S.K.: 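Take a look at the following structure, please.
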Amino acid sequence: MTTAKAGDTVAIHYTGTLTDGTKFDSSEGRDPLSFTLGSGQIIKGLDDAVTGMDEGAEATVTIPADEAYGQADPNQVQQVPRETIPDEIPLEVGLQLQAQTPQGATIPLVVTKIEEETVTLDANHPLAGKDLTFEFKLVSVAR
């Protein structure tokens, strides 16, 4: 039996849920998620949970927000003048937009509030500040 360790390429089938049971992601109906353990390709808490498992093993782990996407940063929430958003964009709460930094990087944004003069945009990861539960099976380990 092969035990997963840092540097191994592993594949898992998983279902991710929030503490209220809402499913936020799953590999169901897709290929398993493949990544290199210890490389930072996935959230730390899940990487740590897979490390030391035997191929074929199953587990459920709850990962605190600090080991997932971190806490929501209030500095990542901004109000912008409504006129700065093009008229052809149908504004609604939950709408996902993209902005570009002066350096050319793309930043995903979510509309969280719409008022007469301003629109509130949140650049935090949608799962920031949330504890995450993963049910998963270690499908393969490759050295």
Side-chain angles (χ1 to χ4, degrees), residues 1-82 84-115 118-143:
M1 183 144 317
T2 307
T3 301
K5 63 179 180 37
D8 290 345
T9 299
V10 298
I12 63 171
H13 270 299
Y14 68 94
T15 297
T17 56
L18 302 176
T19 52
D20 68 1
T22 303
K23 181 166 50 170
F24 64 84
D25 197 9
S26 175
S27 64
E28 187 178 332
R30 302 184 301 197
D31 289 337
L33 174 66
S34 182
F35 57 95
T36 302
L37 276 177
S39 67
Q41 293 175 314
I42 65 166
I43 59 173
K44 181 183 181 328
L46 187 55
D47 196 291
D48 290 348
V50 174
T51 302
M53 286 183 65
D54 292 329
E55 188 174 68
E58 296 182 35
T60 299
V61 62
T62 297
I63 301 169
D66 289 335
E67 292 180 23
Y69 293 97
Q71 297 300 324
D73 178 359
N75 294 322
Q76 296 294 317
V77 179
Q78 292 186 25
Q79 285 190 334
V80 298
R82 191 170 179 152
T84 63
I85 298 175
D87 291 337
E88 65 269 12
I89 296 176
L91 283 177
E92 60 184 52
V93 171
L95 178 68
Q96 296 184 0
L97 301 172
Q98 290 186 343
Q100 198 164 14
T101 67
Q103 297 78 26
T106 301
I107 301 171
L109 304 167
V110 176
V111 175
T112 58
K113 188 174 185 183
I114 302 167
E115 296 178 304
T118 61
V119 176
T120 304
L121 302 174
D122 188 346
N124 284 293
H125 189 284
L127 296 174
K130 296 179 173 31
D131 296 339
L132 309 177
T133 299
F134 288 91
E135 287 183 42
F136 64 96
K137 178 178 183 175
L138 180 54
V139 178
S140 67
V141 177
R143 302 236 139 89

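Just so it is clear, the values below take in all heavy atoms, side chains as well, and ignore hydrogens, waters and symmetry mates. As the structure is a prediction and not an experimental result, all values here were calculated from the model. Throughout, numbering of the chain's residues begins at 1 and tracks the sequence.
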S.K.: Quick check for you: to the nearest 0.5 Å, what is the distance between E135 atom CD and T60 atom OG1?
M.R.: 4.0 Å
S.K.: For residues V10 and M53, determine if any side-chain heavy atom of one lies less than 4.5 Å from a side-chain heavy atom of the other.
M.R.: no
S.K.: Quick one: does any side-chain atom of Q79 pair with a main-chain N or O of V119 as donor and acceptor, under 3.5 Å?
M.R.: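 No, because the side chain of Q79 does not come within donor-acceptor range (under 3.5 Å) of the backbone of V119.
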S.K.: Any donor and acceptor pair, going by atom type alone, linking the side chain of D8 with main-chain N or O of K5 inside 3.5 Å?
M.R.: yes
S.K.: Between T17 and G21, what is the shortest heavy-atom contact and its length?
M.R.: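 Reported closest heavy-atom pair: CG2-O, 3.9 Å.
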S.K.: Show the nearest heavy-atom pair for residues A123 and I107, with the distance to one decimal.
M.R.: CB-CG2, 4.0 Å
S.K.: Could you check whether any side-chain N or O of S39 sits under 3.5 Å from a backbone N or O of T36, counting only pairs where one atom can act as donor and the other as acceptor?
M.R.: yes
S.K.: Is the closest side-chain heavy-atom distance between L97 and L121 below 4.5 Å?
M.R.: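 Contact flag for L97/L121 side chains = yes.
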S.K.: Hey, does E55 have a side-chain heavy atom less than 4.5 Å from the side chain of V141?
M.R.: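 Side chain of V141 against side chain of E55, heavy atoms only: contact under 4.5 Å found.
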S.K.: For I114 versus V93, what's the shortest heavy-atom pair and its separation?
M.R.: CD1-N, 3.8 Å
S.K.: Applying side chain to side chain donor-acceptor pair (under 3.5 Å), run through T62 and D131 and close with a yes or a no.
M.R.: CA-CA 7 Å; T62 297; D131 296 339; over 6 Å; no
S.K.: Taking the side chain as every heavy atom from C-beta outward, state whether L33 and I42 have any atom pair closer than 4.5 Å.
M.R.: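 Yes, at least one pair of side-chain atoms sits under 4.5 Å.
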S.K.: Would a 4.5 Å heavy-atom cut-off, applied to side chains only, mark Q96 and P108 as touching?
M.R.: no
S.K.: Determine the minimum heavy-atom distance between G45 and I63, stating which atoms define it.
M.R.: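 Scanning both residues completely, I find the closest heavy atoms to be C-CD1, 3.4 Å.
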S.K.: Is there a side-chain contact between K130 and L132, using heavy atoms and a 4.5 Å cut-off?
M.R.: yes
S.K.: Please list all pairs meeting ring-ring contact (aromatic ring centres under 6.0 Å, His included) that have one or both residues in residues 11-58, counting only residues at least two apart or in different chains.
M.R.: F24-F134
S.K.: Just do the side chain to side chain contact (heavy atoms under 4.5 Å, CB included) check on T133 and L18 with the steps written out, would you?
M.R.: CA-CA 6 Å; T133 299; L18 302 176; over 6 Å; no
S.K.: Would you sort out whether D47 and L37 count as a side chain to side chain contact (heavy atoms under 4.5 Å, CB included), showing the intermediate values?
M.R.: CA-CA 6 Å; D47 196 291; L37 276 177; 3.6 Å; yes
S.K.: Just how far is it from atom OG1 of T3 to atom CG of D54, taken to the nearest 0.5 Å?
M.R.: 4.0 Å
S.K.: Rounded to the nearest 0.5 Å, how far does CD of Q78 lie from OG1 of T112?
M.R.: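 Taking OG1 in T112 and CD in Q78, the distance rounds to 11.0 Å.
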S.K.: For the residue pair V110 and L95, establish whether any side-chain heavy-atom pair is separated by less than 4.5 Å.
M.R.: no
S.K.: Between F136 and V61, is the side chain to side chain contact (heavy atoms under 4.5 Å, CB included) condition met? List the steps.
M.R.: CA-CA 8 Å; F136 64 96; V61 62; 3.7 Å; yes
S.K.: When you measure from the side chain of D122 to the backbone of V77, do you find a donor-acceptor pair of N or O atoms at a distance under 3.5 Å?
M.R.: no
S.K.: Under the side chain to side chain contact (heavy atoms under 4.5 Å, CB included) rule, what do V111 and E92 come out as? Steps first, then yes or no, please.
M.R.: CA-CA 7 Å; V111 175; E92 60 184 52; over 6 Å; no
S.K.: I43 versus E67: any side-chain heavy-atom pair under 4.5 Å?
M.R.: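 No, too far: nothing below the 4.5 Å cut-off.
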S.K.: Quick one: pull up CD in Q41 and OG in S34 and give me the separation to the nearest 0.5 Å.
M.R.: 8.0 Å
S.K.: List the atom of N75, the atom of D73, and the distance in Å for their closest heavy-atom pair.
M.R.: N-OD1, 2.8 Å
S.K.: A65 and G129: which non-hydrogen atoms are nearest, and at how many Å?
M.R.: CB-C, 3.7 Å
S.K.: Do R30 and E28 meet the salt-bridge criterion of a basic N to acidic O distance under 4.0 Å?
M.R.: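 The answer is no: the pair does not qualify as a salt bridge.
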